[in-house]
Amino acid sequence: MATGDLLREAVAKGTELGREAKRYMDAGDLVPDAVVIGMIRERLSPGAGNFLLDGFPRTLPQAQALDEMLRELDAPLDAVLSLDVSRQELVRRLAGRWICRNCGRSWHEVFAPHQRDATCAATGECDLYQRADDRAEAVENRLSVYEASTAPLIDYYTARGLLRAINGEQSQDEVYVQITSAVAGN
Ligand code: AMP
């Protein structure tokens, strides 16, 4: 479950939550903790089995709320993955990213150019757009917000022996293998 996807879905549907979240997202700011925590709380239920949260928690209060929710569910937190990528490389990746409105697939101007004859999994033809928060000013803001609000979680989870740092600048296949093995507990 990816909080960014859930929020973009709410924006696309024009729900009240979506309308509130949109202005933060477009600027590259974090959506308020209470909104995101409420969204996760709604979806975590007893007996949900194993799950992976993508993009959550992103602040200390979110991490503390997650601890509390997992305690209530009597579900242990097995591992926290941190994908390490330099600031320069992140800007390069985000600036060229285009996403299909219909199927959600990501393309990239340099790393994965859109193929004219590629079929869209949803409608047959991809309708590409650039996320408002992938524009240069928003990207810079997202990286500053990460440093101020999310980076402290590295110490939080390292102290509990849960952090698994993965070099995100390797090939996609290598990153995939390392994520799979970190999740499997190797
Ligand atoms: P992402 O798709 O993970 O890059 O998230 C896109 C945007 O959604 C972020 O820049 C935030 O505005 C918002 N967002 C996603 N996850 C969170 C979160 N855990 N806390 C606050 N805002 C979030």
Side-chain angles (χ1 to χ4, degrees), residues 1-44 48 51-70 77 79-109 111-112 126 128-157 162-163 166 168-169 172 175-176 179 183:
M1 163 165 43
T3 39
D5 288 344
L6 295 175
L7 289 164
R8 278 185 292 278
E9 203 179 296
V11 171
K13 284 189 183 147
T15 64
E16 196 183 325
L17 184 150
R19 282 198 298 278
E20 188 191 344
K22 187 175 186 321
R23 60 199 168 101
Y24 296 100
M25 295 170 76
D26 285 354
D29 287 326
L30 292 181
V31 172
D33 285 336
V35 174
V36 183
I37 291 168
M39 216 170 64
I40 294 287
R41 191 180 285 281
E42 261 177 26
R43 285 170 176 79
L44 291 189
F51 54 84
L52 193 146
L53 300 173
D54 175 358
F56 182 91
R58 260 164 146 119
T59 65
L60 216 45
Q62 289 182 19
Q64 288 159 345
L66 178 63
D67 287 341
E68 191 191 307
M69 289 187 260
L70 294 180
L77 182 55
V80 175
L81 310 186
S82 167
L83 292 169
D84 297 339
V85 179
S86 69
R87 194 176 178 106
Q88 189 189 9
E89 179 62 12
L90 282 173
V91 171
R92 215 159 72 95
R93 290 184 187 179
L94 296 175
R97 180 164 70 166
W98 291 83
I99 296 171
C100 172
R101 237 180 262 285
N102 304 326
C103 69
R105 179 167 175 179
S106 286
W107 298 90
H108 193 280
E109 285 167 16
F111 311 119
C126 282
L128 300 183
Y129 78 104
Q130 185 178 40
R131 279 171 47 170
D133 61 347
D134 278 349
R135 295 189 192 123
E137 325 77 69
V139 165
E140 282 302 323
N141 190 39
R142 281 161 75 192
L143 294 173
S144 306
V145 167
Y146 171 82
E147 287 304 331
S149 304
T150 308
L153 296 185
I154 292 185
D155 284 349
Y156 183 79
Y157 287 119
L162 290 172
L163 197 85
I166 292 168
E169 295 201 13
Q172 285 185 23
V175 171
Y176 178 80
I179 289 179
V183 169

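Just so you know, ligand 1 is whichever comes first in the structure, and atom 1 is the first atom listed for that ligand.
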Considering only heavy atoms, does [X] approach ligand 1 within less than 4.0 Å through its side chain, its backbone, both, or neither?
X: K22; answer: neither
X: L7; answer: side chain
X: V36; answer: side chain

Look up atom OG in S82 and atom CD1 in I166, then write down how far apart they are to the nearest 0.5 Å.
8.0 Å
Nearest-neighbour protein heavy atom for [atom], which is reported as residue plus atom name and distance:
atom: atom 16 (N) of ligand 1; result: T3 OG1, 2.8 Å
atom: atom 4 (O) of ligand 1; result: R131 NH2, 3.1 Å
atom: atom 11 (C) of ligand 1; result: D29 O, 3.5 Å
atom: atom 22 (N) of ligand 1; result: V31 N, 3.1 Å
atom: atom 18 (C) of ligand 1; result: R58 CD, 3.4 Å
atom: atom 19 (N) of ligand 1; result: G55 O, 2.9 Å
atom: atom 20 (N) of ligand 1; result: Q62 NE2, 2.9 Å
atom: atom 10 (O) of ligand 1; result: D133 OD2, 3.8 Å

Are a donor atom and an acceptor atom from the side chains of D133 and Y24 found within less than 3.5 Å of each other?
no
With a 4.5 Å heavy-atom cut-off, do L77 and Y157 have their side chains touching?
yes
Side-chain contact test, heavy atoms from C-beta onward, threshold under 4.5 Å: evaluate it for T59 versus L30 and give yes or no.
yes
Candidate pair T3 and D5, rule side chain to side chain donor-acceptor pair (under 3.5 Å), full reasoning:
CA-CA 5 Å; T3 39; D5 288 344; over 6 Å; no
I need the atoms of ligand 1 closer than 4.0 Å to a non-hydrogen atom of R142, numbered in the order shown.
4 (O)
Main-chain N/O of I37 paired to Q62 side chain as donor or acceptor, under 3.5 Å
no
As a test of understanding, state which of D29, L94, L90 forms a side chain to side chain contact (heavy atoms under 4.5 Å, CB included) with R142.
L94
What do you reckon, does D5 have a nitrogen or oxygen under 3.5 Å from a nitrogen or oxygen of ligand 1?
no
Residue pair G14 / R19: nearest heavy atoms and the distance that separates them:
O-NH1, 2.6 Å
Closest heavy-atom pair, R93 versus E169, reported as atoms and distance to 0.1 Å, is NH2-CA, 3.7 Å
